[in-house]
2 protein chains.
Amino acid sequence: MHTESVGEKLSSNMEDYLEVIAILEKDKGVARVKDISRLMKVKTPSVTSALNVLADKGLVEHERYGYAELTRNGKRIAYDVLKRHKMLTKFLSSILKIDPHVAAGDACKMEHTLSPETCKNLSTFVEFVETSSEVDRPLWLKGFDHYLKTGKRIQCKNKQALEKVKSGK
Amino acid sequence: MHTESVGEKLSSNMEDYLEVIAILEKDKGVARVKDISRLMKVKTPSVTSALNVLADKGLVEHERYGYAELTRNGKRIAYDVLKRHKMLTKFLSSILKIDPHVAAGDACKMEHTLSPETCKNLSTFVEFVETSSEVDRPLWLKGFDHYLKTGKRIQCKNKQALEKVKSGK
DNA sequence: TCTCTTTGTTAGATAACACTAACATATTCA
DNA sequence: TGAATATGTTAGTGTTATCTAACAAAGAGA
């Protein structure tokens, strides 16, 4: 029996454990203490201890010396976190051009702390860029890439045409 | 005498204390325990305890029953954090259109955890938007605002002109 | 099957950070 | 000046999350 209570907000750490377990379940079929400890970069006793907490909250099932398994609630939370993680990684690496490894690290921290509002709007922003009708990336984003690299704006070779677009005439 | 050592990375919490002290020094001239406790939303004993830690690291000076004052090193760190805070707040509120209060909260968390790379590129992004030659906000950003509100893209009224701009002809 | 290796758990220590209750100093103003 | 009030500190506790050392169970090969 666990002592779960509804409003109880999960710590960043516990969310991370859930996320890692979800990844392992997906990649390897099962989540073992040793693998969790490797991905979380902690020693195995820390994992055992975390699993006890999570089991107590009804988010994982865990028999002594056995695998960890996400419950329905555990999955719900883990998938939410993973979704945010992916969105953030995409924003950082594909729009801000952050090295993927660094981007993943930053995403790992942001995924737990950002407000739902920010997540939502950032997600919309990524979508806005990705579903652009232009083939590669939107023109302005190419302009930003250039600005990132050189600190200078791309000179517009057709100001008149640009003005036309801007004024919508 | 303090026990500062160079590589020692400051915790998010201690960075927050420095930031709050910097804000109070700027706003009120001096930083008092009570004001710090109010801004940090903790009780006064937590402040006393934090000040001891920070004094030990050579980041604040604090006489019993007196004010807290940032040292040169303390200021350096506090101003860095504040700079990131302002940049992040601007990004969230002015580009992502997050409610200022929520934006400030999110900035408070991100300011401690984002990698230097991400801070730098995000900062460049904000600058890229702000120094746009267009009067209000860049055209594409207006497009994003509309997309945020409606979920739909602004229809381009002059596709040919847009194509001309895109191809640079 | 029996031993060796791997994996997992328990117990106990430590660190960071918050809290309450009790005490000490400062400040205010009658 | 001397209470009353406001502010700051100390002492002791609790929580979360980590670790090491020692022990327990599972699995694999000869």
Side-chain angles (χ1 to χ4, degrees), chain A residues 2-5 7-21 24-25 28-69 77 81 108-109 111-113, chain B residues 2-5 7-21 24-25 28-69 77 81 108-109 111-113:
Chain A
H2 60 79
T3 53
E4 174 192 18
S5 97
E8 224 172 322
K9 207 222 158 196
L10 215 52
S11 74
S12 297
N13 244 292
M14 290 303 148
E15 279 189 3
D16 266 330
Y17 277 105
L18 291 180
E19 190 184 2
V20 157
I21 293 166
L24 285 168
E25 285 188 348
K28 301 198 157 194
V30 292
R32 293 168 13 156
V33 170
K34 216 212 166 183
D35 291 324
I36 298 170
S37 103
R38 181 173 41 81
L39 294 191
M40 288 289 295
K41 300 187 211 292
V42 297
K43 306 296 181 186
T44 58
S46 306
V47 176
T48 301
S49 158
L51 290 179
N52 287 334
V53 173
L54 291 170
D56 210 47
K57 291 182 190 294
L59 301 172
V60 301
E61 281 178 16
H62 178 227
E63 278 179 64
R64 271 169 65 104
Y65 299 100
Y67 304 132
E69 270 186 87
I77 296 175
V81 175
C108 259
K109 292 163 199 152
E111 72 197 11
H112 307 293
T113 59
Chain B
H2 61 79
T3 52
E4 176 191 16
S5 96
E8 225 172 320
K9 209 222 156 196
L10 214 53
S11 75
S12 298
N13 245 292
M14 290 302 148
E15 279 190 2
D16 268 330
Y17 277 106
L18 291 181
E19 191 185 1
V20 158
I21 294 167
L24 285 169
E25 286 188 348
K28 300 201 158 191
V30 293
R32 293 166 15 153
V33 170
K34 216 212 166 182
D35 292 323
I36 299 171
S37 103
R38 182 174 40 82
L39 293 190
M40 288 288 297
K41 299 185 212 290
V42 297
K43 306 296 179 187
T44 58
S46 307
V47 176
T48 301
S49 157
L51 290 180
N52 288 334
V53 172
L54 292 170
D56 210 49
K57 290 182 192 292
L59 301 173
V60 301
E61 282 177 16
H62 179 228
E63 278 179 66
R64 271 171 66 104
Y65 299 99
Y67 302 133
E69 267 186 88
I77 296 175
V81 176
C108 258
K109 294 167 199 150
E111 71 197 10
H112 308 292
T113 58

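Within every chain, numbering begins at 1; the chains are lettered A, B, ... in the order of the sequence lines, protein sequences first and strands thereafter. Just so you know, these numbers come straight off a predicted model, no measurement behind them.
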Peer 1: In whole Å, what is the span from the CG atom of B/Asn52 to the C1' atom of C/dA15?
Peer 2: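 It is 16 Å, rounded to the nearest whole Å.
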Peer 1: My understanding is that only residues two or more places apart in sequence, or in another chain, count here; which of them pass salt bridge (charged side-chain N to carboxylate O under 4.0 Å, His left out) with B/Lys28?
Peer 2: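 B/Lys28 satisfies salt bridge (charged side-chain N to carboxylate O under 4.0 Å, His left out) with B/Asp35 once adjacent residues are dropped.
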Peer 1: Separation of A/Lys57 atom NZ from D/dT16 atom P, in whole Å?
Peer 2: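 Rounding to the nearest Å, NZ of A/Lys57 and P of D/dT16 are 7 Å apart.
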Peer 1: Give the rounded distance in Å between these two atoms: CZ of A/Arg32 and P of D/dA26.
Peer 2: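 Rounded to whole Å, this separation is 14 Å.
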Peer 1: If you count heavy atoms of other groups shown closer than 6.0 angstrom to CD of A/Glu61, is the number above 12?
Peer 2: no
Peer 1: Please list, by residue number, the residues of residues 33-45 of chain B whose heavy atoms come closer than 4.0 Å to an atom of DNA chain C; answer none if no residue qualifies.
Peer 2: B/Val42, B/Lys43, B/Pro45
Peer 1: Please determine if a side-chain N or O atom of B/Ser49 lies less than 4.0 Å away from the OP1 or OP2 oxygen of D/dT9.
Peer 2: no
Peer 1: Take B/Tyr17 and B/Ser46, measure what side chain to side chain contact (heavy atoms under 4.5 Å, CB included) needs, and give me the verdict at the end.
Peer 2: CA-CA 11 Å; B/Tyr17 277 106; B/Ser46 307; 4.0 Å; yes
Peer 1: Decide yes or no for B/Leu24 and B/Arg32: does some side-chain heavy atom of the first lie under 4.5 Å from some side-chain heavy atom of the second?
Peer 2: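 The answer is no, as the side chains (C-beta and beyond) never meet within the 4.5 Å cut-off.
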Peer 1: I want to check one thing: is the phosphate of C/dA16, taken as OP1 and OP2, less than 4.0 Å away from some side-chain N or O of B/Ser11?
Peer 2: no
Peer 1: Let me see the working for B/Thr113 and B/Lys109 under side chain to side chain contact (heavy atoms under 4.5 Å, CB included), right down to the final yes or no.
Peer 2: CA-CA 7 Å; B/Thr113 58; B/Lys109 294 167 199 150; 6.0 Å; no
Peer 1: Provide, to the nearest angstrom, the distance between the OH atom belonging to A/Tyr17 and the C1' atom belonging to D/dA17.
Peer 2: 8 Å
Peer 1: Could you run down the sub-3.5 Å N/O contacts of the protein with nucleotides 25-27 of chain C?
Peer 2:
none

Peer 1: How close or far is atom P of D/dT10 from atom CG of B/Leu51, stated in whole angstroms?
Peer 2: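 Rounding to the nearest Å, CG of B/Leu51 and P of D/dT10 are 11 Å apart.
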Peer 1: Would you kindly give the CG-to-C1' distance between B/Asp56 and C/dA16, to the nearest whole Å?
Peer 2: 14 Å
Peer 1: Taking OP1 and OP2 of C/dA18, is either one under 4.0 Å from a side-chain nitrogen or oxygen of B/Asn13?
Peer 2: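 True: B/Asn13 side-chain N/O within range (under 4.0 Å) of C/dA18 OP1/OP2.
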Peer 1: Whole angstrom is fine here: how far is it from CD in A/Glu15 over to P in D/dA17?
Peer 2: 11 Å
Peer 1: Is any side-chain heavy atom of A/Val30 closer than 4.5 Å to one of A/Glu25?
Peer 2: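 In short, these two side chains do not touch, never coming nearer than 4.5 Å.
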Peer 1: Does the side chain to side chain contact (heavy atoms under 4.5 Å, CB included) test come out yes or no for B/His112 and B/Asp16, once each step is laid out?
Peer 2: CA-CA 8 Å; B/His112 308 292; B/Asp16 268 330; 2.8 Å; yes
Peer 1: Going through the checks in order, is the side chain to side chain contact (heavy atoms under 4.5 Å, CB included) test met by A/Leu59 and A/Leu18?
Peer 2: CA-CA 8 Å; A/Leu59 301 172; A/Leu18 291 180; 4.1 Å; yes
Peer 1: Is any side-chain heavy atom of B/Glu69 less than 4.5 Å from a side-chain heavy atom of B/Ile21?
Peer 2: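 B/Glu69 vs B/Ile21: side chains apart.
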Peer 1: Check this one for me: any side-chain N or O of B/His62 less than 4.0 Å away from OP1 or OP2 of D/dG8?
Peer 2: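 No.
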